[in-house]
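Inspection log for the structure reproduced underneath, given as structure tokens.
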Amino acid sequence: MLINNDELITNAEIDKLIHEPARLKIILYLYLVEKADFIFLLRKTGLSKGNLSVQLQNLETAGYVEISKSFVERISKTLVWLTPKGRKAFQSYKENINSILQLTDSKEN
């Protein structure tokens, strides 16, 4: 861990890909479940179909999620899950955010 608060805030690597609110919602839900279908993510995140699709593409391009598309009784089904890289990136994100948030605890005392 870094020594002084200024260095911590300056040097903490906040993954901007994850930090964006729409993608953070997606990652949070995927972190909690093994796999999720598109409709589940659509309902849980409150995003539009187009926005969810774009954000999933961004996460897939980064290697944070995998997407599988298939047809079930002629209906398209999209499944999404975190890759090991995505899970590790989210764990690092949580640690960095928690480190920064702990600075506020010391200011309250």
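Since this is a predicted model, take the numbers as computed values, not measurements. FYI, side chains are in, hydrogens and waters are out, and symmetry mates aren't considered; it's all heavy atoms of this structure.
Residues passing the side-chain contact (heavy atoms from CB on, under 4.5 Å) test with I67 are L56, E60, V65, K69, T78, V80, sequence neighbours excluded. Every side chain to side chain donor-acceptor pair (under 3.5 Å) that N51 has, sequence neighbours left out, goes to Q55.
Shortest non-hydrogen contact noted between Y31 and Q91 is OH-NE2, 3.3 Å. Across all their heavy atoms, A62 and L17 have their closest contact at CB-CD2, 3.2 Å. Contact detail for L47 and A22: the closest heavy-atom pair is CD2-CB, 3.8 Å. The shortest non-hydrogen separation linking L30 to R87 is O-NH2, 3.8 Å. Listed here is the closest heavy atom pair of L24 and F90: CD1-CE1, 4.0 Å.
Atoms OG and CD1, on S92 and I14 in that order, are 10.0 Å from each other to the nearest 0.5 Å. Here the CG atom belonging to L42 is positioned 6.0 Å from the CG atom belonging to L52, to the nearest 0.5 angstrom. A distance of 10.0 Å separates NZ in K44 from CG in L32, rounded to the nearest 0.5 Å. Note that CD1 of I26 is 10.5 Å distant from CG of L82, once rounded to the nearest 0.5 Å.
E34 has its side chain out of reach of W81: every pair of non-hydrogen atoms, C-beta onward, lies at least 4.5 Å apart. Taking the side chain as every heavy atom from C-beta outward, S53 and F38 approach each other to under 4.5 Å. Contact check for L101 versus I97: side-chain heavy atoms found under the 4.5 Å cut-off. The shortest side-chain heavy-atom distance between T83 and E66 falls under the 4.5 Å cut-off.
Side chain of S76 to backbone of F71: no donor-acceptor contact under 3.5 angstrom is found.
Looking only at atom types and distance, the side chain of Y64 has a donor-acceptor partner in the side chain of D15 under 3.5 Å away.
Under the 4.5 Å side-chain contact rule for hydrophobic residues, I39 and L79 do not share a cluster.
Classification of the F40-Y29 ring pair by plane angle, with boundaries at 30° and 60°, yields perpendicular.
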